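Predicted model only: the values in this text are computed from it and were never measured.
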Amino acid sequence: MIHGDAKQSDADTILFLIDDNSCLQYFCAVISMLLENGPYNVQLVARTGELAQDIQKIFPTAQLLTGYSQETFQTSSAGLIVCCQIWWWGIASYLEEAVRRNIPVLHYDHGSLIHTSEYLLENNEYGSGYRNDVYRCSHIACWGGRGKECWVSFGVPEEKLYVTGAIHLDHLRHVSVQKKQVFEALQIPENKKIIFVYTALTGQLPHFDSAQIPYIEALESYVAKKPQYQLVVKSHPSEMLWFKNHRYGYSPSTILIANPVEDCLWPDITRISADGVVAVSDVVVSPFSSALLTPLSLNVPIVLMQYESLLVRDFTNYCKNVIKPISSAGQLAEALESLEQKRCDSSVLAKQFNHENDGNACKRFLALIDTIFTESRKGVQFYGSEEEERLLSVRRYPFLSYPYHYLIKYYLASKDADNVDLWLDSYVQKFQNPSTLLKELALHYVSIWNDYPRAKRCLELYSAYKPLDFELLQLYKTIFFALSPPA
């Protein structure tokens, strides 16, 4: 269902796909500018009905559609799709239709703070299909130069990449955060020093990553002994979304906050802009997160909960002169006290993650939209065939495993077994650890294709790198009996 009236032709319509409340916060400033100043017709698509209600509170007169469906897309007939899809929930069909109809898709990146990317597993294979889907978008807007480098490391053609800056942080440059108002909202005296904590959700149930609990407990113990401090915690959006009726048992003196439009039903929550609280905080304590761009941009000291991973080591090495990494909760007190004595300048680093860090990201993003519409009017062809794009990526980046990996997956989806074999041989010879792909292929061959000889070959190749795990041992037995001649 659509609410609101169209102002321009379909060719001048921008369709914003709003995945969740975080995505809404990312696009809020740009949508406001477009609705106020034009010159385009703006339609907003909420993934869920609950999210649609939140959107309508902020943009009551905007055209609003609910649900990611082909029918919604056909109803809209957009000239440009803008999205920020973290998990790519249910919009693959949108992308396929956009490619078929040559409708440009502008993806606003979620983070890419460091070269190896938060979506990369330590075995150097992808942890989700997110990056692979985004590869097919016609345009990708990056927060900064480091984000662009991250995409290039995946073999994404450089001509798709545009560095705009973080559009959701522009407001911190243009609106003076009133410390008095923040402290009144938090109901604490102005002489308090705020220790601000971001939590992360990394799959540990029933609440946020259990590795963070000792840090929270150490912080609450530290603040209990230091009455000049106040602990403020901003929980990860997924924690609030997935666990609506229960949460980790924080101390009663710890203040829990959520952004004004965030989906959170916890009864003891304070609704306030997290960025605004960070702006008046004395230090931020956090695991690795794209949210770290806020304190970096505002020159607020950061203590990083350092977990043992390639990703965090890369990030801390790159930011070693600005961020204070700690490997255990026992190091928290020393880290906090050292930051009190010496505060580093993060402005140079912030410009690499948030282009220029000048508050003009929205202007650059809108200029990119204008450029895309100009190209559309000239009849520019935004997409080649997926096979051509995959082959180009392999030729352009012959030493990266990702282009090979997804070329093989393309042929697998196309049921082109001969090309899978051809490129698999090249992949195995070229790269050191192909075991993840080999496992995926073996399972696919048995469950989807019933191709036992190819599955057996994959397991034989796999065993040259590591022993078969329990799942693959069971698969091998299935293959063995399927290929054994009848008695």
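S346 places a side-chain N or O within 3.5 Å of a backbone atom of L296 that can act as its donor or acceptor partner. Under the 3.5 Å distance criterion, the side-chain polar atoms of T164 are left unmatched by any main-chain donor or acceptor of A361. Within the 3.5 Å criterion, the main-chain N or O of I408 finds no donor-acceptor partner in the side chain of R390.
Of the residues listed (V300, V284, N354, L172), the one engaging T294 in a side-chain contact (heavy atoms from CB on, under 4.5 Å) is L172, and it is the only one.
Taking NE2 of H355 as the reference point, atom CG of N360 lies at 9.5 Å (rounded to 0.5 Å). Distance check, rounded to the nearest 0.5 Å: CG of L17 to CZ of R47 gives 11.5 Å. The distance from atom SG of C83 to atom CG of L95, rounded to the nearest 0.5 Å, is 8.0 Å. In this structure, CH2 in W143 is found 7.0 Å from CG in L169, a value given to the nearest 0.5 Å. Atom CG of L64 and atom CD of Q56 lie 5.5 Å apart (nearest 0.5 Å). With values rounded to the nearest 0.5 angstrom, L15 atom CG is found 12.5 Å from L106 atom CG.
Using a 4.5 Å heavy-atom cutoff, the side chains of T270 and V232 are not in contact. Contact check for Q331 versus M305: no side-chain heavy atoms found under the 4.5 Å cut-off. Using a 4.5 Å cut-off on side-chain heavy atoms (C-beta onward), L412 and H444 make contact. Looking at heavy atoms from C-beta onward, Y427 lies out of side-chain contact with L407 at the 4.5 angstrom threshold. Side-chain contact check for Q25 versus V261: some heavy-atom pair is nearer than 4.5 Å. Residues I140 and W151 have side chains in contact (heavy-atom distance under 4.5 Å, counting atoms from C-beta outward). In this structure the side chain of K439 reaches within 4.5 angstrom of the side chain of D469, judged on heavy atoms. In this structure, the side chains of I55 and F16 stay at 4.5 Å or more apart for every pair of heavy atoms.
Between D358 and K363 there is no salt bridge, since no side-chain N of the basic residue sits under 4.0 Å from a carboxylate O of the acidic one. Taking 4.0 Å as the cut-off between side-chain N and carboxylate O, E158 and K148 count as a salt-bridged pair. Ion pair E190/K179 not flagged as a salt bridge, since none of the NZ, NE, NH1 or NH2 atoms sits closer than 4.0 Å to an Asp/Glu carboxylate oxygen. Contact check on R364 versus E356 returns no salt bridge, with no Lys/Arg side-chain nitrogen under 4.0 Å from an Asp/Glu carboxylate oxygen.
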Stepwise, does the side-chain contact (heavy atoms from CB on, under 4.5 Å) test hold for D282 with L339? CA-CA 9 Å; D282 288 83; L339 286 173; over 6 Å; no
Show the numbers, then the answer: is there a side-chain contact (heavy atoms from CB on, under 4.5 Å) between L298 and D275? CA-CA 9 Å; L298 295 170; D275 291 342; 5.7 Å; no
Does the side-chain contact (heavy atoms from CB on, under 4.5 Å) test come out yes or no for L366 and L34, once each step is laid out? CA-CA 8 Å; L366 292 172; L34 286 168; 3.7 Å; yes
Could you go through the side-chain contact (heavy atoms from CB on, under 4.5 Å) check for Y108 and H168 one step at a time? CA-CA 11 Å; Y108 178 63; H168 59 291; 2.8 Å; yes
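When every heavy atom of T66 is checked against every heavy atom of A52, the shortest pair comes out as OG1-CB, 3.6 Å. Of all heavy-atom pairs between S251 and E220, the closest is N-OE2, 2.8 Å. Annotation for I58 and C28: closest pair CG2-SG, 4.0 Å, computed over non-hydrogen atoms. In terms of heavy-atom proximity, Q212 sits nearest to P287 at OE1-CG, 4.0 Å. Nearest heavy atom pair, residue V163 against residue G145, reads CG1-N, 4.1 Å. Summarising the geometry of C142 relative to L161, their closest heavy-atom pair is SG-CD2, 4.3 Å, with the distance given to 0.1 Å.
The local environment of NZ in K192 is crowded, with over 12 non-hydrogen atoms from other residues, nucleotides or ligands closer than 6.0 Å. More than 12 heavy atoms of other residues, nucleotides or ligands lie within 6.0 Å of CD in E337, so this atom counts as buried by the packing criterion.
N21 and N259 share no donor-acceptor pair across their side chains, judged by distance under 3.5 Å alone. Using modelled atom types, one finds no donor on one side chain facing an acceptor on the other under 3.5 Å when comparing Q43 with T13.
The salt bridge (charged side-chain N to carboxylate O under 4.0 Å, His left out) check on K324 picks up nothing, with sequence neighbours excluded. By the ring pair (Phe, Tyr, Trp, His ring centres under 6.0 Å) test, Y229 pairs with Y222, sequence neighbours left out.
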